[in-house]
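Notes follow once the structure below has been shown.
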2 protein chains.
Amino acid sequence: MDKGHSNVQRQNGVALWRQIADRIRTSIANGDYDATGKVPPEMALAAEFGVNRHTVRSALAALAQEGIVRPMQGRGTLIERKERLTFPIRRRTRFIEGIGDQAREKEGLLLHSAEEPASAELAARLQVPEGASVIRLEIVRKADGRAVARSTAWFPAERFRGLEQAYRDSGSITAAFGKLGLSDYLRAATEITATHADSGDLADLKLSPGAIVLVTRALNTDTEGVPVQYAITRFAADRVQFTIEN
Amino acid sequence: MDKGHSNVQRQNGVALWRQIADRIRTSIANGDYDATGKVPPEMALAAEFGVNRHTVRSALAALAQEGIVRPMQGRGTLIERKERLTFPIRRRTRFIEGIGDQAREKEGLLLHSAEEPASAELAARLQVPEGASVIRLEIVRKADGRAVARSTAWFPAERFRGLEQAYRDSGSITAAFGKLGLSDYLRAATEITATHADSGDLADLKLSPGAIVLVTRALNTDTEGVPVQYAITRFAADRVQFTIEN
DNA sequence: CTCAAATGTCTATTGATATAGACAACCATA
DNA sequence: TATGGTTGTCTATATCAATAGACATTTGAG
């Protein structure tokens, strides 16, 4: 349906091989090559994008480095991995449940935690006094062993003391909340933006420079409407999409 | 709150000057330089990013080309423009109303229209027989003279004959629907992804290569739940953000 | 086995990217 | 008006990105 043009842009700060790598990665994610399970031959791609075969080879080498394709001499370039998780954003948004059966293994890895005073902006969002103590968790979310997002989440410390340990034990915010007596919570608001991956994204999400991250800023409240969590989550854009059902 | 690291990535297909231009553009949009109304001096930026001053100058030249900054010899580099529109996504999502008073002038420019048979995918979404006639509108949306998004929208032709003229007259989908007897419609589902700008985006949205677009795929229905419109809209990522209120 | 098709490797050349240094031009202000 | 801070311009050099061509190697099919 939305095919897009074939042409790539020259001499504008993004190397041709990277533009082409991005395009091929997207095509793989869209299932354009599912019929064969292979990427088209290098010469065909070179003709399609209007570049030299060596330029296409640079692009494919980058994709091979990411583990997306595997070149086989004499046979062609096989597609190794192809996925784009769909994330529903709704009143009861849960990371793990949102993935559902799109992945077998889901895990949340706690990178770092701290208790710290709330900045003015954060205090306003969590409706606590400025400088009040908040718990900050840094989490990398994985599905089938692939990092799909990294979150920084803040919680009012007074109400949720012990949250860090509860999260460590369960690997789930929902479960950790449950242990601390909060059986249900609701998504009050979500903001979505997109930007280029920063160095933290490259490291934690194993992205390549120039990659895109989808950034959500979300506020969760309890059933009374009292804020319980504010989180900034950065998703690898070529591994996820969001859906909002009304 | 989310500050991000300073370092840029070398030799990975995205030129340093472009990475730096993207970072500065984002900082401007975030209001990081609002205190002075100016970008930091070239030498300071060079030190911050760990590059040569000439590389920073290339980045600033690109931003000046976009009309975002204006260098003034002897004074510094002034910020010309800084904006990020917020778009609510909700049950009654309207482009023009969504902008609200964030911009004075809003317009929708009809680039192209056609009547064509529905593809299998489109037919499924609009719940019409495959090959049934649909109207396709290509629209560029502007706010205060700046292009913020471009849409491709499909409508069942049988029900909405004359839509093109109605849109031309009013510049609004909502108004065009109204003329054809549809007084209300609802957003049934929205998918959001992000990708790099393609050549069409560069032209229509006046983006620079490597820029990011937020892509929404949305289905609108009438109050009976019958699909009336399917639209793919590509937003310039550094000019907008989305909000979902629950 | 032979051939066509595909990826792998090598050399060479051109233009874009990045660094480095020096100095000119301009502005605000002390 | 003198000075420090800033952008503007120029030259030079090294590395990366892209093109071009030739040929080797591997695979699958006839």
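Lettering follows sequence order; numbering is per chain, from 1.
Summarising the geometry, the separation between CZ on A:F49 and C1' on D:dA18 is reported as 16 Å, rounded to the nearest angstrom. Whole-Å rounding puts the A:R18 CZ to D:dA17 C1' distance at 13 Å. We find that CD of A:Q73 is positioned 10 Å from P of C:dT7, with the value rounded to whole Å. Between the CD atom of B:E42 and the C1' atom of C:dT19 there is a distance of 15 Å, given to the nearest Å. Per the geometry, CE belonging to B:M43 stands 10 Å off P belonging to D:dT7, to the nearest Å. Put simply, CH2 on B:W17 is 13 Å from C1' on C:dA18, counting in whole angstrom units. The CG atom of A:L78 sits 18 Å away from the P atom of D:dT26 (whole-angstrom rounding). The distance from atom CG of A:L63 to atom C1' of C:dT7 is 15 Å, rounded to the nearest whole Å.
Put simply, A:R75 has no side-chain N or O that comes within less than 4.0 Å of OP1 or OP2 on C:dA5. Taking only side-chain nitrogens and oxygens, B:T55 never comes nearer than 4.0 Å to OP1 or OP2 of C:dT17. Between A:T77 and the phosphate of C:dT7, there is a side-chain N or O to OP1/OP2 separation shorter than 4.0 Å.
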Pair B:Y230-B:F155, ring pair (Phe, Tyr, Trp, His ring centres under 6.0 Å): steps then yes or no | CA-CA 7 Å; B:Y230 181 72; B:F155 308 83; over 10 Å; no

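Using a 4.0 Å cut-off between charged nitrogen and carboxylate oxygen, A:E138 and A:R150 do not count as a salt-bridge pair. By the 4.0 Å N-to-carboxylate-O rule, A:E42 lies close enough to A:R57 to be salt-bridged with it.
Distance from the side chain of A:P71 is smallest to C:dG8 among D:dA18, D:dG8, C:dG8. Among the nucleotides C:dA20, C:dT7, D:dA20, the one closest to the side chain of A:P41 is C:dT7. Which of D:dT26, D:dT19, D:dA18 sits closest to the side chain of A:V51 comes down to D:dT19. Ranking D:dA18, D:dT19, C:dT19 by closeness to the A:N52 side chain, first place goes to D:dT19.
Surrounding CD of A:Q65 are at most 12 heavy atoms belonging to other residues, nucleotides or ligands under 6.0 Å away.
In terms of position on DNA chain D, the residue among B:R57 and A:H54 whose nearest nucleotide sits closer to the 5' end is B:R57.
For D:dG21, the base has no donor-acceptor partner in the side chain of A:R53 [N/O atoms by modelled type, under 3.5 angstrom].
Two residues are said to be in side-chain contact when any heavy atoms from C-beta on lie closer than 4.5 Å; B:R217 and B:I232 meet this criterion.
Using a 4.0 Å heavy-atom distance criterion, A:M72 is classed as a sugar-phosphate-only contact.
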